[in-house]
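Only one structure is covered here, and it is reproduced in the block below.
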Amino acid sequence: MFAGAVSVLESTAPADKLKRTEEIVRLWHAGEMARGKAVRPPARPARPARPILLPPREMPRRRATGGQKTLALLHSVAHIELNAIDLAWDLIARFGTSLPDAALDEWIVVAAEEALHFDLLSVRMAELGGAYGDLPAHDGLWQAAIATSGNLLARLAVVPLVLEARGLDVTPGMIETFDRHGDCATVAVLERIYRDEIGHVATGMRWFQWACEQANQPAEPTWCSLVERYFSGGLKPPFNFQARDAAAFPRSFYTSLAGQADLSRGKEL
Ligand SMILES: [Fe+2]
Ligand SMILES: [Fe+2]
């Protein structure tokens, strides 16, 4: 299974990443795939020739309107989801030997759901006449993976519990916008993603707490100091307390780091 994880990371075409992900998930859940030996994942996952990857500050500003604007937004979310597929497999390949089977079961579900998200977004883009690769994409998304490649606690503190939790804060606003414009198909895709991502944050929290127990460290101060050390962006309120609570992510963890600004988003789904 760890070798399978590396094979996803080394697949260049998104379609191959999806296919390999589906195969591994099926075999693992059928009990037909062993954990296997420790592996060495690549520092960066393979990427297709398109989209062109640009440093965040060189990303073009979105001036498009209507369908083009929708496509640009779907494209940027698809890019995040493609990275999320690789992030799930990178965690399994890099840290899986120190995790119990129960953790691998959950992270494989995360990988499968990220693949589904990418697929749903690709289908919606195709309906609107677009495809992943049509627009430039942000090159900064793998930075957090590189920064935390040697430390499971740091990886869990930053990837699910900062970045994916941030997704919970911003997705309801996107859903509201598409809902206002009557774009029900895009709303359905984003609502599916939103629901699954609550589960990904919950998985992150569960295994972060487990890893803290293993290391005999208190979870909350450990999370705060890892975020300060490994995540330079700072936490950005307002937070979606409702979704974060649903993921069993205690408010005290992140509110103390964010200062006393306007902490909660006014409208919640
Ligand atoms: Fe996702
Ligand atoms: Fe996710």
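Numbering starts at 1 and runs along the sequence shown. For ligands, and for the atoms within them, numbers begin at 1 and follow the listed sequence.
- Of the options F241, F208, F239, W223, a ring-ring contact (aromatic ring centres under 6.0 Å, His included) to F249 is made by W223 and by none of the others.
- Residue pairs meeting the salt bridge (charged side-chain N to carboxylate O under 4.0 Å, His left out) criterion with at least one member in residues 143-167, sequence neighbours excluded: D90-R155.
- Checked by atom type and distance alone, the side chain of T171 never pairs as donor or acceptor with a backbone atom of L168 at under 3.5 Å.
- Note on residues 203-222: pairs passing salt bridge (charged side-chain N to carboxylate O under 4.0 Å, His left out), not counting sequence neighbours, are E106-R206.
- Sorted by first and then second residue, the side chain to side chain donor-acceptor pair (under 3.5 Å) pairs with a member in residues 4-16 read S7-R20; sequence neighbours excluded.
- Taking the six-membered ring where tryptophan is involved, the planes of Y132 and H79 are essentially parallel, since the angle between them stays under 30° and well short of 60°.
- Counting only distances under 2.8 Å, and ignoring water, the protein N, O or S atoms around the Fe ion (ligand 1) are E81 OE1, E81 OE2, E114 OE1, H117 ND1, E197 OE2.
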